[in-house]
Amino acid sequence: MKLSLRFVLPLILVLAAIAYIVAPLVDQLTLRWFMRDLDMRSSLIANTIQQPLLDLLEADRKSRIVDFFNNITKDERLYAIGYCASPAGKELVSRSLPSVIHCANLDRWAGSNGHLLPSAQGPLLVSVLPMTSSAAPEGRLVLVHDMSFITHRSEETKRYLFYFFMGLALVISLITVIVAQLSWRGWMSGVRSLLRGEGLLWQLAAGVQPSMPEFKPIARDLQRLVRELEAETRARDEDQITWSPESLRSILHSELRGEDIIVVSNREPYLHQRAGERIEIQRPASGLVTALEPIMRACSGTWIAHGSGTADREVVDKHDRVAVPPEKPAYQIRRVWLSQEEEAGYYYGFSNEGLWPLCHIAHVRPTFRTSDWDQYVAVNRKFAKAVVTESRTKNPIVLVQDYHFALLPKMIRDELPDATIIAFWHIPWPNPESFAICPWRDQVLEGLLGSSILGFHTQFHCNNFVDTVDRFIEARVDRESFTVSFGGKLTAVRRYPISIAWPPEAEMLQKPVPDCRSSIRQMLNLPAAHKLGIGVDRLDYTKGIMERFRAIERLLELNPEWIGQFTFVQVAAPTRSGIEEYRHHETQVREMAIRINARFDGKGPPPIVLKVEYHEPREIYEYFRAADLCFVSSLHDGMNLVAKEFVAARDDNRGVLILSQFTGAARELPEALIVNPYDADQCAAAMHIALTMPTEEQRDRMRLMRGLVAEFNVFRWAGRMLLDAAAMRRRSRLIDKTGREVT
Ligand code: GDG
C-alpha cells in the first residue's frame with residue numbers, strides 16, 4: 001500500500017503540473033513567437049508584392065489584382081490579402097478575406113505584431129501594413145495569416161511533452177521507490193542496532209567506521225565530536241558525583257558488575273608479621289592501598305603482591321592466597337614469593353637504583369646492571385604467570401601499579417589478549433633524552449605499551465612519555481586522542497592525579513587541634529607559643545630533605561628573630577636502606593641536622609628535630625595538626641601525598657603549606673607557597689612569610705586547598721580509571737560484534 005502510494009502520488013502530481021501549469025505556459029509562449037514570425041512574414045510579402053501591385057494599379061487592371069491576390073493566397077498559411085487605396089476607398093481583396101475586415105475599419109487592425117481574429121477554423125492573424133511607395137501614399141495592405149497550424153503544432157508539442165514528462169515521472173518514481181526501500185532497510189537496521197546498543201552514535205563513540213554508508217565521509221569529524229561530547233558529559237557527570245568508597249562501589253556495580261578485577265603491586269595491602277608467639281597484621285600507610293581497597297572489597301577481586309611479611313607464608317593456603325580484611329574477608333591476596341637474589345635484582349637493583357633515579361631528575365646517577373635487568377624480567381614474568389593463574393575469565397581488568405612492573409602489561413597481553421590492562425606509573429616520566437640512557441629503554445616502552453590505559457599524575461608526564469615513544473620506537477602516536485598504536489594495539493595515555501581518601505579517617509582528626517599543639521610541644525620540650533614546622537617523608541634523596549635543612553639555616557641567618565623561636569620536625573621513615581645511595585643520604589641528612597643545631601646551640605630549642613623512624617599514621621596527623629607550617633621540598637615528585645595529607649589534617653583551616661614547584665601536587669594546589677627547593681633564599685623567605693601570615697589569609701588559602709582535595713580525592717582517581725576501562729570494554733565488545741577496526 002505504502003509502496004503504491006509512493007509510486008502513484010508523484011506520478012499524479014507530475015501530470016497535474018503538466019496539465020495546469022506547463023502546457024498553458026508553453027501555449028502562450030509559442031503563440032507569441034508565431035505571431036511575431038507571421039507579422040514579419042506579412043512585411044516580407046507586402047514588400048515583395050508592392051511593385052507588381054503598383055504596376056497593376058497604374059494599369060488600372062483591378063480584376064487582375066484580385067486574381068493576383070487569389071493566387072498568392074494559395075499559400076498554405078496566407079489566408080487572405082487585400083488592398084485599400086485610402087481609408088475610405090474601395091477595397092481590392094482576395095476571395096477569402098473575412099467580412100469583418102474592410103477599408104473603413106482598417107485602423108482597428110493596425111498595430112505592431114498584428115491582431116488575433118478568432119474564427120471557426122482556428123485563429124487568424126491580421127496585419128495591416130502601409131505601402132512604402134510614394135506612388136500610393138495612402139494605400140495599405142491587409143494580410144491575414146491562418147494560425148491553425150499553431151494549434152496543431154501546440155497539440156503535437158503538448159503530446160510529446162506529456163509523453164516526456166510521463167517517462168520522467170515514471171523514472172523518478174521508480175528511483176524514489178528503490179531509494180526509499182534501501183534507506184528504509186538501512187534505517188530499520190540502524191534502529192535495530194540502536195536497540196541492541198550499537199547505533200550510529202555508539203559506532204562513532206567506539207571509533208568504529210559507521211555501518212551506514214551515508215555517514216562514512218563525515219565519520220572522522222563526527223567521531224571527534226562524539227569523543228569531545230563524551231569527555232564533556234563525563235566531566236559534567238563526574239562533577240556531580242561526590243567521590244567516596246560508596247560511589248566507587250556503586251560505579252563498580254553499575255559499570256563493571258561481575259567483572260574479574262586483579263590488582264598487581266609490589267607492596268601488599270596487609271602484611272603478616274611474626275611478633276614472638278603472635279602474628280600481627282600490619283597495614284602499610286599508603287595512598288595506593290587506600291584507593292584500591294574499596295575496589296577490591298566491592299568486587300571480591302584478587303590482589304597480587306610480593307609476600308614480604310615475616311609470617312606471610314604461614315597464613316596462606318596451598319595456592320598462596322589469604323582472604324582479607326581479616327575482620328571481614330572480602331577479597332584475596334595472592335602472594336608471590338621472591339628469593340633474596342630476585343628481590344635484590346628486581347626491587348633494589350633495576351627498580352630503585354635504575355628506574356627510580358632515571359625518572360627523578362634529582363642528580364643521582366642511575367645504575368644499570370645486566371644481572372638486575374635479568375631479575376627484573378624474571379620477576380615480571382613470575383607476576384604475569386600469577387595474573388594468568390588468578391584470572392577467572394579471558395578478559396580480566398588488571399590494574400598494574402608502578403615502575404616495578406614496566407614489562408608486565410605486555411607479558412599479560414601476550415597471554416590474555418582480551419584483558420583490559422591499566423598501568424599506573426606513580427613516579428615522574430622524564431624527557432626522552434634522560435630516558436634514553438636506559439640500556440633497555442625499548443623493552444621498557446614496549447612492555448608498558450601492552451597496557452590498554454597508561455596513567456600518570458600530570459599531563460606533563462603523559463607528554464614526556466608520548467615524546468619518548470615517538471622518538472625511540474616504531475609506533476603511531478596520535479596527539480589529539482593521546483593514544484599510541486603499537487603492534488596493532490592501542491594504548492591510551494591518560495592523566496589521573498592521585499590523591500588521598502576524603503574525608504580522612506575520623507580517628508585521625510579525633511584529637512582537637514589545640515590539644516595536638518600542646519601535646520606535641522610538651523613532648524618536644526617546647527614552649528606553648530613556639531612556632532613549629534613539619535616535614536614527613538621517606539628518607540629518600542628525591543624528597544629534598546637536605547635542601548629543606550639548608551633553607552631553615554638560611555631563614556635563621558636572614559631572620560635571626562626566629563632563632564630559638566622556631567623548630568622544624570622532620571619525620572623521616574627509613575626506606576630502601578639496602579641501597580648504598582640511601583645509606584649515604586641518611587648519613588648526610590643526620591650530619592646536616594647535627595651541624596645546623598650545633599650552629600644555633602645555646603639559643604633556645606634546636607632548629608631541627610630529626611626523627612628517623614617509622615610513625616603510625618595517627619602520630620603523623622598529630623604533627624600535622626600541631627604545626628604552623630608544612631614544608632614539602634621534593635626535588636622531583638610524581639604527586640606527593642604528604643602535601644594533601646597536611647591539608648586534610650587541618651580542619652581548623654590554619655597552617656601554611658610550602659610546596660616545591662617540582663611536585664605534581666603544585667599543579668593542583670596553587671594556594672600553597674610554591675617554591676624552588678634549590679633556591680635556599682626563596683625557601684627561607686617563604687618560611688618567614690608562612691610564620692607571619694595573618695590567620696585570615698591562612699584560612700582563605702587552606703579552605704581553597706581543602707575544597708580541591710575533597711573533590712579530587714583518591715576515589716575519583718580510581719573511579720575515573722575504572723570508568724575509562726568500562727568504556728573501553730564496551731567499545732571492544734562492539735568492535736568484536738561488528739568485526740571492524742578502530743580508526
Ligand atoms: C610515590 C611517588 C606519589 C611517610 N612516612 C611515613 C609515612 N609516610 C607516608 C606519607 C604518605 C606516603 O608515605 C608518601 O607518599 P608520597 O606521595 O609523599 O611519596 P612516595 O612514597 O615517594 O610515593 C609520589 C605516590 O607514589 C602516590 O602515587 O605521590 O610522587 O613518589 O602517605 O604520609 N606513613 C607512615 N609512617 C611514616 O613514617 N605511616
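Just so you know, ligand 1 is whichever comes first in the structure, and atom 1 is the first atom listed for that ligand.
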The atoms of ligand 1 lying under 4.0 Å from a heavy atom of R538, numbered in the order shown, are 20 (P), 21 (O), 22 (O)
If the cut-off is 4.0 Å to any non-hydrogen atom of W356, which atoms of ligand 1 fall inside it? 22 (O), 31 (O)
Would you mind running through ligand 1 and noting each atom that sits below 4.0 Å from a heavy atom of V642? 10 (C), 18 (O)
For L641, is at least one N or O under 3.5 Å away from an N or O on ligand 1? yes
Going by the angle between their ring planes, with limits at 30° and 60°, are F424 and H426 parallel, tilted or perpendicular? perpendicular
Heavy atom to atom 24 (C) of ligand 1, shortest distance: which of V536, D637, I427 holds it? D637
Side chain or backbone of I498 under 4.0 Å from ligand 1, or both, or neither, by non-hydrogen atoms? side chain
Cation-aromatic face contact R716/W502, 6.0 Å, 45 degrees: no
Output yes when a side-chain donor or acceptor of T310 lies under 3.5 Å from a complementary backbone atom of R274, and no otherwise. yes
With a cutoff of 4.0 Å, is E619 in contact with ligand 1, counting heavy atoms of the residue only? no
salt_bridge(R590, E586) N-O dist < 4.0 Å: yes
Please could you name the atoms of ligand 1 that A573 approaches to less than 4.0 Å, counting only its heavy atoms? 5 (N), 6 (C), 37 (C), 38 (O)
Identify, by atom number and element, the atoms of ligand 1 in contact range of H457, meaning under 4.0 Å from any of its heavy atoms. 3 (C), 28 (O)
Are K382 and E342 ion-paired here, with the side-chain N under 4.0 Å from a carboxylate O? yes
For P617, atoms of ligand 1 separated by under 4.0 Å from a heavy atom: 39 (N)
Atoms in ligand 1 flagged as close to G638, the criterion being non-hydrogen separation under 4.0 Å: 30 (O)
Lys/Arg N to Asp/Glu carboxylate O, D515 vs R625, below 4.0 Å: no
